[in-house]
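The structure appears right after this line, and notes come after that.
Residue numbers begin at 1 in each chain, while the letters A, B, ... track the order of the sequences. Quick note: numbers below take in every heavy atom, side chains included, and nothing from hydrogens, waters or symmetry partners.
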Amino acid sequence: MDPILDGLNTAQREAVTSSAPILQVLAPPGSGKTKTLTARVAYLLSHHGYLPQDVICCTFTIKASREMRERLAKLIGERLESRLILGTFHSICRRYLVKYGYLIGLRKGFGIADSDDSRAILRRIIKRLNATIEVKTAQGKISRHKAHGLSPDALAERVKAEEMELVDIYRAYQSALADSNLLDYDDLLVRCGDLLREHPECVSNVQTVLVDEFQDTNIIQYDLMNLFAAQNRRITIVGDPDQSIYGFRSAEIQNLRRMQRRYSNTSIVLLESNYRSSASILKSAQGVIEQDTMRPAKTLQATHSFGTLPVLRKLPTANAEAHWMVLEIKRAVAMTGGLVRMSDIAILLRSTSLSTRIETAFGRAGIPYKMVGGRKFFDRTEVKTLVNYLRVVSHTGHADALLGIINVPPRRIGDETIRQLTGGADKAQVPLWNFIKDVIQGRRSTEKKLQKAAEQGLCSLVKLIDAAKQKLQDCPDASAPCVLLEHITESLSFQEYLIKTYPLDEDSRWANVKELMGQANDAAASAGDVAQEEDLPEIEGVEQQQSHPGEEALSKFLANVALATEATKEGDMETEKVTISTIHAAKGLEWPVVFIPAVYNGSIPHSRAEVIDEERRLLYVAMTRAQALLYLSLPLRQPRLGEGEDGSTSLTPFLTPKLVKDRFRPKGPQLHEKVVYAIADILRRPRPTPDDMYKELNSLPSTLDDRWTSEGEERKDADGQWKDAMGPNDEAKSNPKRRRLDSNQPTSTTYMSASSLMNNSSNFQVSTTLSTGFLSARDYAATSAASQEPVTKSTPNAVPEQPITKKASSTASRKDGLTQASISNFFGGPGSFQKREPIPASRPSIQYPQSSYQTAQTTRPGPAFVPPALTSHRLQPRPLQPSRPALEPAQPSNYTWMAAPSRPAVKPARMLTQPPNGNSAVEAETKSEEAKQESSTGIQSVTFNTTTMASLQQQGGPGRRTLGIRRSMNGWEERMKREGGGQVR
DNA sequence: TCTTGCCAATTTTTT
DNA sequence: ATTGGCAAGA
């Protein structure tokens with residue numbers, strides 16, 4: 001078997017090997033999206049004969065693209081991998097603009113304005129224009145407009161007089177960027193779009209385009225995808241509408257539909273099996289996401305056992321909440337006998353501001369952690385300063401960078417001097433840098449005479465920069481950034497400067513400088529590798545812009561700095577650390593144990609959130625990061641920004657009372673043997689031995705989550721000493737009396753469902769009789785073996801400690817199961833369904849909301865298939881295709897649904913129903929046939945449905961539409977039931 | 001005029 | 001806790 005397909009389930013293979021030209025892979029969290037996309041890249045290279053340099057693969061974050069590169073290197077080897085055009089939209093666009101930007105009049109050596117730069121520019125403009133708008137809002141609005149492709153002029157035409165202020169600011173902002181030869185994040189995309197529209201030949205080599213996290217693309221990115229693929233019109237995207245959490249950045253979920261409308265031959269593969277989380281976590285998460293009524297019902301098929309219920313914990317204050325996390329982390333680590341380690345744990349936050357409390361609590365308790373997401377490193381002032389020096393050296397026109405360093409270290413250049421200089425430069429219509437040079441060399445003068453000291457300071461700055469520029473010219477290779485940094489820090493006596501200015505933490509700041517140099521060094525080293533990631537394939541007839549290699553290395557380094565999110569080098573990754581991250585930054589990742597604190601109204605949903613659904617999805621994304629243990633918590637009081645006047649908080653509305661009751665426990669789970677084993681199984685790790693599990697117990701203040709009542713109150717002991725006795729540091733020496741395991745606490749019972757109540761009461765009575773008040777390991781073993789805390793609740797799916805596969809069909813037949821109809825419903829939008837009817841196939845210009853689907857399922861048994869033995873020959877490397885005639889959106893859209901149920905095995909041959917070269921794909925796919933199940937063979941036939949969408953003049957009434965949905969759902973259910981028995985694997 | 005020191009305000013999420 | 005804005009010394 002093809003090694004590329006190893007370890008993929010049938011639906012995933014379906015997606016990987018599909019010969020469909022336009023393919024959408026829709027998949028819930030944990031279903032192996034990225035794995036599938038990666039495998040598809042490899043597959044396309046090896047089976048379709050695409051050259052890596054002719055394949056564009058867009059990811060959303062730098063981390064994702066790095067991960068993908070690593071996976072691909074393993075799959076296809078570094079040689080091929082390094083030639084792929086793979087990266088974030090922004091970085092890919094930058095590459096094209098570097099090479100071909102001259103074609104649209106972009107100046108050489110442009111820099112990238114990060115959001116601090118943008119903010120600084122806007123601040124100046126707003127001040128100058130005496131505008132009232134806040135810098136941040138202006139920044140956001142401008143970015144929005146750019147993402148929608150609106151230039152200042154275009155904006156001016158469609159906006160009211162009162163908004164003209166913004167137009168002026170926008171204009172001024174653009175010209176300020178242009179003056180400094182900068183592009184901001186949005187410009188990278190917009191300008192690249194301009195380039196490819198005017199000069200499509202730049203991507204004429206591109207055979208296929210793949211996009212990860214498609215639900216997060218905005219309009220411009222969507223356009224770019226199509227422009228990239230203009231030549232050959234072969235696109236694969238993966239995405240999940242439920243995980244769309246970047247609406248604030250103008251991401252548009254509708255792009256999924258837009259794409260289907262544009263490409264009538266869109267095929268869709270659904271992945272439904274979740275390989276990440278316990279069934280109970282999935283259930284809880286689904287309970288959250290399903291509150292979104294506009295969303296299509298969709299199955300999330302668990303492959304793991306039910307596990308232990310997630311926790312929803314109330315705590316008195318935010319500090320208590322942080323402390324509670326400390327205790328639960330310690331408990332989880334100790335009681336699982338090394339199964340759960342610090343690095344297995346993540347704290348996911350709605351906003352970075354929540355981290356401080358947690359960080360201090362962790363710091364005091366000695367819990368190692370690393371904070372990701374907050375752009376920390378490159379924001380450090382000392383790092384920023386040095387980077388600004390590099391930027392000025394790279395491009396002296398970069399006015400903001402220049403202003404950032406003009407008086408750092410202090411050169412006696414104050415506000416007044418700066419005002420004189422910028423004012424003069426403005427008047428003379430000369431870049432600031434040139435003006436300064438002219439002034440100190442006596443060719444020009446400022447309105448008011450500059451102070452001697454200031455002039456001297458300017459002199460030394462100019463000297464330094466000029467010397468550095470010379471050095472850059474002399475440096476013919478990628479070591480330029482490194483060389484320059486050394487030169488600059490030395491000439492500035494930067495270390496002494498740091499010592500003087502930051503006497504408190506001078507060493508850590510210097511360490512940051514060292515780190516920056518290290519990164520420059522790494523960049524230099526990796527640039528020497530076989531293939532330059534930077535290089536785009538040469539295209540005949542289009543000249544690439546060449547530049548000095550040292551300069552290029554420098555500008556690339558600076559671009560990486562600007563585009564990096566968490567470029568903090570993974571140097572200290574080896575040590576065991578808890579991860580603290582924003583939810584946004586956690587997307588695509590997973591951890592065995594996840595904490596989500598502050599689940600109160602105002603945090604989630606955030607008080608300033610615009611779209612409530614997006615906040616819900618955010619919580620959903622956070623919850624589905626967890627594999628085995630999931631803890632949500634909230635403080636009952638918030639000192640500052642609470643909801644009520646008294647600072648009391650209320651639980652997020654996303655966690656409805658019913659959901660809380662059915663799917664959460666009020667306190668951390670008892671971590672006895674059974675629970676621990678279930679965790680081990682979910683993580684696919686060896687079960688720890690009982691000895692391992694018990695040996696650390698004595699370090700814990702309690703083996704239970706009993707420091708607070710389940711109503712979130714401070715537990716009052718007889719002597720009332722909890723509070724002071726339990727500093728975070730001295731658990732170990734606290735009075736044994738307080739460590740006794742509580743057996744009955746009335747408060748906790750209110751939450752318990754009947755089943756868990758039963759065994760909550762009596763299991764631990766043994767312990768209270770122990771003279772020490774604390775269980776020895778063996779005692780604990782004895783009690784916990786008897787305790788049998790229910791790991792499950794009575795749910796149809798509750799199959800403890802058993803892979804859930806056998807139950808799959810029952811889930812699928814539930815009314816909330818994902819059906820083809822419901823998914824199509826999503827794409828059609830609400831109410832787009834109708835009973836199936838013949839639909840005129842050639843209606844032009846589809847109005848999406850009015851469209852309807854014809855659902856039918858085809859199975860092509862026997863002769864229609866190539867015998868399995870031959871399937872491996874099916875997709876031999878093909879000659880590259882000539883570009884195909886365009887399929888215009890005016891054609892009816894025919895979506896091919898290739899919904900392989902997660903569990904059953906499928907013969908790959910079915911893909912042959914599509915002609916291999918795609919030219920006649922449309923015709924083939926529009927044929928819809930009734931699905932038939934080939935149940936007798938015991939082998940699952942493919943469910944290969946063709947959904948034809950076309951516009952409808954008039955819609956049926958709501959009743960009819962519902963009927964239509966029901967109908968197709970029933971068909972699906974029927975099939976699922978029938979398929980339930982025969983499974984091949 | 002530049003520097004220093006104090007006070008106030010501030011935090012949604014990312015390329 | 002960090003940064004920006006303002007007032008008083010050098």
Side-chain angles (χ1 to χ4, degrees), chain A residues 58-65 87-94 112-120 123 127 134-136 139-140 143 146-147 183-190 213 216-218 220-221 244-251 348-357 359-360 372-376 378-381 384 407 409-420 448-454 457 501-502 504-505 559-567 581-587 598 602-611 614-615 617-619 621-622 640-641:
Chain A
C58 305
T59 66
F60 199 64
T61 63
I62 293 175
K63 199 192 270 168
S65 73
T88 62
F89 273 103
H90 293 84
S91 72
I92 291 174
C93 287
R94 193 195 73 89
I112 296 173
D114 64 26
S115 78
D116 284 346
D117 296 324
S118 304
R119 200 150 31 95
R123 192 166 38 224
K127 218 172 209 171
E134 285 209 39
V135 176
K136 270 211 139 167
Q139 196 181 12
S143 171
K146 282 192 183 181
L183 298 181
D184 70 10
Y185 294 138
D186 301 303
D187 286 337
L188 285 176
L189 307 178
V190 172
E213 307 277 22
D216 289 326
T217 52
N218 61 27
I220 295 278
Q221 287 165 330
S244 163
I245 52 176
Y246 282 97
F248 70 93
R249 218 172 85 177
S250 310
L348 304 184
L349 310 167
R350 170 67 248 259
S351 37
T352 33
S353 54
L354 294 164
S355 76
T356 33
R357 264 202 178 72
E359 288 185 70
T360 45
V372 302
R375 280 171 41 224
K376 296 248 163 136
F378 290 114
D379 271 354
R380 302 272 168 67
T381 45
K384 201 123 214 191
N407 199 32
R411 295 192 180 88
R412 309 201 65 78
I413 301 167
D415 287 347
E416 185 55 31
T417 311
I418 289 171
R419 205 173 314 135
Q420 291 298 317
K448 273 197 233 166
K449 188 98 177 70
L450 293 181
Q451 283 206 317
K452 266 224 181 72
T501 6
Y502 307 101
L504 293 174
D505 57 346
N560 284 340
V561 168
L563 294 175
T565 350
E566 38 78 63
S581 167
T582 61
I583 298 173
H584 283 90
K587 196 164 72 157
S603 176
I604 280 204
H606 196 272
S607 46
R608 295 164 74 169
E610 286 163 21
V611 190
E614 180 152 314
E615 298 288 307
R617 291 193 290 266
L618 210 41
L619 181 59
V621 167
R640 293 261 162 86
L641 296 140

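If you check every strand for non-hydrogen atoms under 4.0 Å, T417(A) touches sugar and phosphate atoms only. As judged by a 4.0 angstrom heavy-atom cut-off over every strand, F89(A) is placed among residues making no nucleic acid contact. If you check every strand for non-hydrogen atoms under 4.0 Å, R249(A) touches a base. Within 4.0 Å (heavy atoms only), N218(A) reaches no atom of the nucleic acid at all.
Closest of all the heavy-atom pairs between D114(A) and Y185(A) is CB-OH, 3.4 Å. Taking both residues in full, the closest heavy atoms of K146(A) and D187(A) are given as NZ-OD1, 2.9 Å, listed atom of the first, atom of the second, then distance.
Of the listed nucleotides (dT13(B), dC2(B), dT3(B)), dT3(B) has the atom at the smallest distance from the side chain of P410(A). Taking every side-chain heavy atom of T582(A) into account, dT13(B) is the closest of dT1(B), dT3(C), dT13(B). Of the candidate nucleotides dT3(C), dC2(B), dT14(B), dC2(B) has the atom lying nearest to any side-chain atom of R412(A). The side chain of Q451(A) lies closest to dC2(B) when the candidates are dT11(B), dC2(B), dT14(B).
Put simply, F248(A) rests on the base of dT13(B): the two rings are less than 5.5 Å apart at their centres and nearly parallel, under 30°.
With F89(A) as the fixed residue, the side chain to side chain contact (heavy atoms under 4.5 Å, CB included) test singles out one of T217(A), N218(A), L188(A): T217(A).
Enclosure of atom CD in E416(A) by more than 12 non-hydrogen atoms of other residues, nucleotides or ligands within 6.0 angstrom is indicated.
With the nearest nucleotide of DNA chain B identified for both L618(A) and G414(A), G414(A) has the one nearer the 5' end.
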